[in-house]
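Letters A, B, ... mirror the listed sequences (proteins, then strands); counts begin at 1. When reading the values below, keep in mind they use all heavy atoms of this one structure, side chains included, and skip hydrogens, waters and symmetry mates. In this text, all values refer to a predicted model and were calculated from it rather than measured experimentally.
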Amino acid sequence: MPEGPELHLASLYVNKMCNGVVFTGAVRKSEVSKNPDVPFICEAYRITATSRGKEVRLTLTPMKSDDPKQRVKAGQADQPMDIVFRFGMSGYFRFTTEDELPKHAHLCFFSKEKPCRVLSFVDVRRFGSWQPSGVWQPGRGPCIMFEYKNFSLQILSHLSDRAFDRPICEVLLNQKYFNGIGNYLRAEILFRLNIPPFVPARKVLEGLESEDLCDDEKPVKNDTNTKVKEARPETSFITEESGDLLRLCHTVPLEVVNLGGKGYDPEKADYSEFEAWLQCYYVDGMKSIRDHNGRTMWFKGDPGPMAPKGT
DNA sequence: CGTCCACGTCTAC
DNA sequence: TAGACCTGGACGG
């Protein structure tokens, strides 16, 4: 399931399915999971979700109890608990009846109905993780979809960070700055702007500061008639490109959310719509090479100057 | 049967 | 800059 759009769709799914549902008892972890136990027990509680980049936070909220003393005696929660999830390569949430519990359900929340239903965190490969009483992981940047302003500012104010020495396609996977971008999104975003994936990130993001390059352009534009076609005359085309890049880091993921399906999830029936949406990632005729971290980069045309050598 | 590949982090040499 | 962490689907012999 899991880049920013899928995580957000997961939070929408939880809120929709669990709206009005009362949960009860303990939270159950699978035998095989190495993630922490969730020490939350409550006679009656509700579940809501929110997402930020590549994380989802569930909030378990105890309902008013008739008998607080009894509740405390039984060791039951009276305060809400947040659980922060990362989905690894295969995490998602499902709300099912107990007998339809998916294989690889690793954390289960039981409803009070009879027969009861179960909200479960399903994760085939178990690369996903959760943190009880958790907070958004420190070091992850603002959400590309829902904290766009902070996301942009964070990047533009840290361009001297050595992280931006790397090729743009690799920096796009750096969650410190691009919280929510994953392997298919980086391909789709760079493809739309025709940016070679292995161009140094800072070059793309800060633009051509060097005066000589700007000066080179000026006379050319001044020579052509006064009606300049581009909106931004000599503020280098790369600056415009970088504005586009940050904007597409926001809008492209939102397109996936607005498809209304499940996003990247080949197991699902509505996967075809997502597949049709892809313009580059895994698309016939596109090129692909392994980046310096061994992840497959899909692109068209020039790979750029920092492309891995050899092989 | 086997090998390769997959939407992502992590930590260890 | 490797690997480790996992399961399972696609595809080759």
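Atoms CG (L185(A)) and P (dA6(B)) sit 16 Å apart, rounded to a whole Å. The distance between atom CG of L173(A) and atom C1' of dC10(B), rounded to the nearest whole Å, is 15 Å. One atom, CZ of F178(A), and another, C1' of dT9(B), lie 18 Å apart when rounded to the nearest Å. Atom pair Y281(A):OH and dG8(B):C1' shows a separation of 12 Å (rounding to whole Å applied). Protein atom NE2 of H106(A) is 9 Å distant from nucleotide atom C1' of dT7(C), rounded to whole Å. Residue K176(A) contributes atom NZ, which lies 16 Å from atom P of dC10(B) at whole-angstrom precision. Regarding L278(A), its CG atom lies at a distance of 14 Å from the C1' atom of dA6(B), rounded to whole Å. Rounded to an integer number of Å, the gap from F85(A) CZ to dC7(B) P is 23 Å.
Residue ring and base: F87(A) does not count as stacked with dG8(B) (centre distance below 5.5 Å and interplanar angle below 30° not both satisfied). In this structure, F127(A) forms an aromatic stack with the base of dC5(C), since both conditions hold: centre separation below 5.5 Å and plane angle below 30°.
The phosphate of dG8(C) (OP1 or OP2) has a side-chain N or O of H104(A) nearer than 4.0 angstrom. For K103(A), a side-chain nitrogen or oxygen approaches OP1 or OP2 of dG8(C) to under 4.0 Å. For dG8(B), neither phosphate oxygen OP1 nor OP2 lies less than 4.0 angstrom from any side-chain nitrogen or oxygen of Q175(A). Residue T296(A) places at least one side-chain N or O under 4.0 Å from the OP1 or OP2 atom of dA6(B). Distances shorter than 4.0 Å separate none of the side-chain N or O atoms of R295(A) from OP1 or OP2 on dC5(B).
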Query raised in the report: According to the Watson-Crick and G-U wobble definition with distances under 3.5 Å, which dot-bracket string, read 5' to 3', encodes DNA chain B, using [ ] for crossing pairs and | for pairs with another strand?
Result: ||||||.|||||.
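Salt bridge annotation for K112(A)-E43(A): present, with a cationic side-chain nitrogen under 4.0 angstrom from a carboxylate oxygen. Salt-bridge formation is not detected for the pair R192(A)/D244(A): no Lys NZ or Arg NE/NH1/NH2 atom is positioned less than 4.0 Å from an Asp or Glu carboxylate oxygen.
Side chain to side chain, S30(A) and H106(A) meet the donor-acceptor criterion of an N or O pair below 3.5 Å. No hydrogens or angles considered: nothing links the side chains of Y45(A) and Q76(A) as a donor-acceptor pair under 3.5 Å. Looking only at atom types and distance, the side chain of T97(A) has a donor-acceptor partner in the side chain of E100(A) under 3.5 Å away.
The 5' end of DNA chain B is approached more closely, in terms of each residue's nearest nucleotide, by R125(A) than by the other of K54(A) and R125(A).
Within 4.0 Å of Q137(A), counting heavy atoms only, lie sugar-phosphate atoms of the nucleic acid but no base atom.
Proximity note for R290(A) (side chain, C-beta onward) versus dC5(B), dC10(B), dC7(B): the nearest is dC5(B). Proximity note for V124(A) (side chain, C-beta onward) versus dT9(B), dT7(C), dG8(B): the nearest is dT7(C).
Geometric assessment of R28(A) against the ring of F109(A) yields a negative cation-pi assignment under the 6.0 Å and 45° thresholds.
For the atom pair T24(A) OG1 and E113(A) CD, the distance stands at 11.0 Å (nearest 0.5 Å).
Of the C1' atoms belonging to dT11(B) and dT7(C), the separation is 22 Å, rounded to the nearest Å. A distance of about 13 Å separates the C1' atoms of dC13(B) and dA4(C), rounded to the whole Å.
Side-chain contact between F87(A) and K54(A): absent, with no pair of heavy atoms (C-beta onward) separated by less than 4.5 Å.
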